K.L.:
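Please see the structure below; I have some questions.
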Amino acid sequence: MKENNFMKEFKKKGRLSSVLTSVSVIAGMIPIFVVMLMVGFLSKGNVVTGSIWALGALICLCQAVKAVFYALAIWKAHDSAYSSLAEIRLALIEHLRNMTLRFFQKRKTGDLANIINHDVERVELYLAHTLPEVVITNVLLAVIFISVMILDWRLGLAMISTIPLVFLAMYIFNKLWTRMIEKYHQSVKTMSEDLMEYIATIPAIKAFSKDEKKTEQVLDSLHAYIAWAKKATIGEAIPMSFIMMLLEGGMIVLTILGSILLRGNQIDMVKFILAVILGGQFSEAFARLMSFEHSKAVFKNTMATIDSVMGVEPEEENEKCRDLPAGDIEFKNIHFSYDGEKKALEDINLVFQKNTVNAIVGPSGSGKSTLANLLMGFWKADGGKITIGGKSIDAMHERDLSALVSIVQQEVFLFNTSIAENIRIGKKDAGREEVIEAAKKAQIHDMIMSLPRGYETAVGEAGARLSGGEKQRISIARMILKNAPVVILDEATAAIDPYHEYLIQKAISNLGKNKTLIIIAHHLNTITHADQILVMEDGRIKARGKHEELLKSSRMYQAMVKAQNEVDGWQIKEAKAL
Ligand SMILES: Nc1ncnc2c1ncn2[C@@H]1O[C@H](COP(=O)(O)OP(=O)(O)OP(=O)(O)O)[C@@H](O)[C@H]1O
Ligand SMILES: [Mg+2]
């Protein structure tokens, strides 16, 4: 969305508001002329009492028209501003929906939330409040100028004699303003991002009493904000007073010229006074117009920020293939880094054969979840190729890939609606029976039934009561409904007691036979039976094979099994059925 397109759209909507505003301004000007006319008549002594009353009534009427039309204009302006606002927000959200995770990785979430909330709000401020004022002021200036030119063209020119100087000054100051506002804007952004992050990390900070660095950073950005706010205010006040001075200059020229003309009897007293009154209003209105320049600069800056999101094109999707290829999954020479520096995956070559059970094990940070993220298409590999049934996932539509592969993530995200709805995400048109059936298979039915409102319990209500393992089983129920041929289970890292572990295992075995299973396991007891186990370390696959083979061949695997045995005092000797 370019500023121009958007402004065009808004101006179209705001046209009625401008017309109403103009009527209001003209109605407000009429009394001045009428009074002056009356003064003229009075000075000549030919006025009857009735016409003074009529004059009073006319002024009242004009004021009423001015007030009513002003109110209507402002209402219309708000109306169009809010609908434009909603449109920008929707456009932003729609745009964000199409962006890849990579984009969100680069932009802080605080920054994006800030744009959707505050920057868009600032657009409203300009469109609903400033823009109508700009229109009012422009109409007022035009009416005054024409009036004074009609009174006496020499006075009219005198009144605007300093305007070129004002524009020159504006031109110079504008550059300064824009830069300052950019800096100020930046400091507001940094401050709110830091604050948001700070608030989000307070629990961690408290838990580890590691506040020093974070607090300092927040304080620094607060100080920077205050400094720029001060500079922006001073930077605005000084040029503004200078411009005001130049404008007053026009009034002085008008008064001097008017006096000369009056002395030479070229104009009468009434014209002179009227010109001086109008001249005063002119410079006041002009000063107001100048003060809007600042708001305009803020507005432009805001639009540029919005554009910095809207301007980023979603990554091109390649040619789509509609038929879903189920088959072996293959990673060929996959390389990947989240930040372009540190490798999260290096030289990954693997095959998950169709309808086999595969396990990935390895220390924290070794790249297990990353591998799953790439297969889900959440991120794109920097090098190499991932294929399913021989077709590259890059050539697949997001929807097709997601129909093919489903995942239970390490941290399960539940929406704040009922548990039934959360399960139904797996299959939108699933009936109640189907949902219950899936929950039963996922070994979570009994738990749900123990909640106060069963399947209708809102996740928020139950949230505190749902353990990581329970959330994972809800997610497994989702997956059972979805019935995708490839299933990834990224086990929760948190220690899960043997009973829950048993339930999860049982839930997985209920997923059905014909599936390619990829289990990222933290608890080795669950995977001894797998057809293939991959041992990962530092983004690489260090060993692969079946449990018994790895017990013999991989030191690392041996150590992991030993550690696991020590933790739960279990002996993993024989393969358990999955
Ligand atoms: N969103 C992200 N942005 C940047 N770096 C990330 C991101 N997610 C993971 N990483 C980094 O990539 C590396 C691999 O992380 P990954 O989450 O794949 O590990 P993991 O094996 O799943 O670990 P865990 O057992 O703790 O779940 C780590 O160094 C991690 O810090
Ligand atoms: Mg992980």
Side-chain angles (χ1 to χ4, degrees), residues 96 99-113 193 196-197 200-201 204 208 315 329 331 334-350 352 358-384 386 393 405-413 467-469 471-472 475-476 479 487-496 500-501 504 508 517-527 530 532-544 550 554 556-557 559-561 563-564 567-568:
L96 287 178
M99 301 310 284
T100 54
L101 275 175
R102 203 179 283 272
F103 172 80
F104 291 96
Q105 190 64 28
K106 281 189 206 133
R107 307 279 304 226
K108 292 182 183 172
T109 11
D111 171 29
L112 292 171
E193 277 170 22
M196 267 188 174
E197 266 186 32
T201 50
F208 302 106
E315 273 179 36
I329 297 167
F331 280 52
I334 290 292
H335 288 262
F336 176 73
S337 162
Y338 284 101
D339 53 13
E341 286 171 26
K342 197 171 150 264
K343 286 266 182 202
L345 288 180
E346 251 185 299
D347 219 6
I348 301 288
N349 285 289
L350 60 82
F352 297 129
N358 301 271
I360 307 175
V361 298
S364 179
S366 55
K368 305 181 295 293
S369 300
T370 306
L371 205 144
N373 283 342
L374 291 192
L375 180 54
M376 290 299 297
F378 292 160
W379 296 87
K380 276 199 169 65
D382 298 326
I386 302 175
I393 62 166
V405 189
S406 56
I407 187 168
V408 172
Q409 283 181 298
Q410 207 165 0
E411 296 282 337
V412 173
F413 177 79
S467 72
K471 282 188 191 164
Q472 284 219 317
S475 184
I476 292 175
M479 202 151 82
V487 163
I488 307 172
L489 172 75
D490 199 346
E491 280 186 353
T493 340
I496 287 181
H500 275 90
E501 206 173 287
I504 289 184
I508 294 173
L517 265 178
I518 301 165
I519 301 168
I520 298 174
H522 297 280
H523 313 93
L524 300 186
N525 355 26
T526 51
I527 51 122
Q532 172 182 230
I533 301 172
L534 303 171
V535 184
M536 288 192 69
E537 192 184 23
D538 293 334
R540 289 172 178 274
I541 297 174
K542 285 287 155 82
R544 64 186 88 199
L550 287 171
S554 167
M556 196 173 155
Y557 191 72
M560 285 169 72
V561 171
Q564 178 85 52
V567 171
D568 24 71

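Heads up: numbering here begins at 1 and tracks the sequence. Just so it is clear, the structure is predicted and the values come from calculations on it, not from any experiment. Both counts, for ligands and for their atoms, begin at 1 and track the order of listing.
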K.L.:
For ligand 1, is there an N or O atom under 3.5 Å from any N or O atom of Gly365?
P.N.:
yes

K.L.:
Quick check: closest heavy atoms across Ser369 and Gln410, and the distance to 0.1 Å?
P.N.:
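Where Ser369 meets Gln410 most closely, the heavy atoms are OG-OE1, 2.9 Å.
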
K.L.:
Okay, side chain of Asp490, backbone of Val408: is any donor-acceptor separation there less than 3.5 Å?
P.N.:
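Not confirmed, Asp490 side chain does not pair with Val408 backbone.
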
K.L.:
State the atoms of ligand 1, each with its element, that fall below the 4.0 Å cut-off from a heavy-atom position in Gln410.
P.N.:
24 (P), 27 (O)

K.L.:
With side chain to side chain contact (heavy atoms under 4.5 Å, CB included) as the criterion, how do Arg544 and Leu534 come out once you've worked through the C-alpha distance, each side chain's angles and the decisive distance to 0.1 Å?
P.N.:
CA-CA 5 Å; Arg544 64 186 88 199; Leu534 303 171; 3.6 Å; yes

K.L.:
Answer with yes or no whether Gly362 contacts ligand 1, where contact means a heavy atom under 4.0 Å from a ligand atom.
P.N.:
no

K.L.:
Quick one: list whatever passes salt bridge (Lys or Arg N to Asp or Glu O under 4.0 Å) with Lys343, sequence neighbours left out.
P.N.:
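Counting only residues at least two positions away or on another chain, Lys343 forms no salt bridge (Lys or Arg N to Asp or Glu O under 4.0 Å).
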
K.L.:
State which residues pass side chain to side chain donor-acceptor pair (under 3.5 Å) with Gln409; sequence neighbours excluded, sorted by chain then number.
P.N.:
none

K.L.:
So if I count the atoms of ligand 1 from 1 in the order they appear, which ones are less than 4.0 Å from some heavy atom of Ser369?
P.N.:
17 (O), 18 (O), 20 (P), 22 (O), 27 (O)

K.L.:
How far apart are the closest heavy atoms of Val361 and Ala521, and which atoms are they?
P.N.:
CG1-O, 3.9 Å

K.L.:
Would Ser369 count as a contact for the Mg ion (ligand 2), in the sense that one of its N, O or S atoms lies under 2.8 Å from it?
P.N.:
yes

K.L.:
Where the closest heavy atom to atom 6 (C) of ligand 1 is concerned, which of Trp379, Phe378, Tyr338 has it?
P.N.:
Tyr338

K.L.:
Backbone, side chain, both or neither: what part of His522 comes under 4.0 angstrom of ligand 1, heavy atoms only?
P.N.:
side chain

K.L.:
At what distance, to the nearest 0.5 angstrom, does CG of Leu374 lie from CD1 of Ile393?
P.N.:
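The distance works out to 7.0 Å.
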
K.L.:
Suppose we only count N/O/S atoms under 2.8 Å; would Gln410 qualify as near the Mg ion (ligand 2)?
P.N.:
yes

K.L.:
Considering Val361, Thr370, Asp490, which one's heavy-atom position lies nearest to atom 15 (O) of ligand 1?
P.N.:
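The residue whose heavy atom sits nearest atom 15 (O) of ligand 1 is Thr370.
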
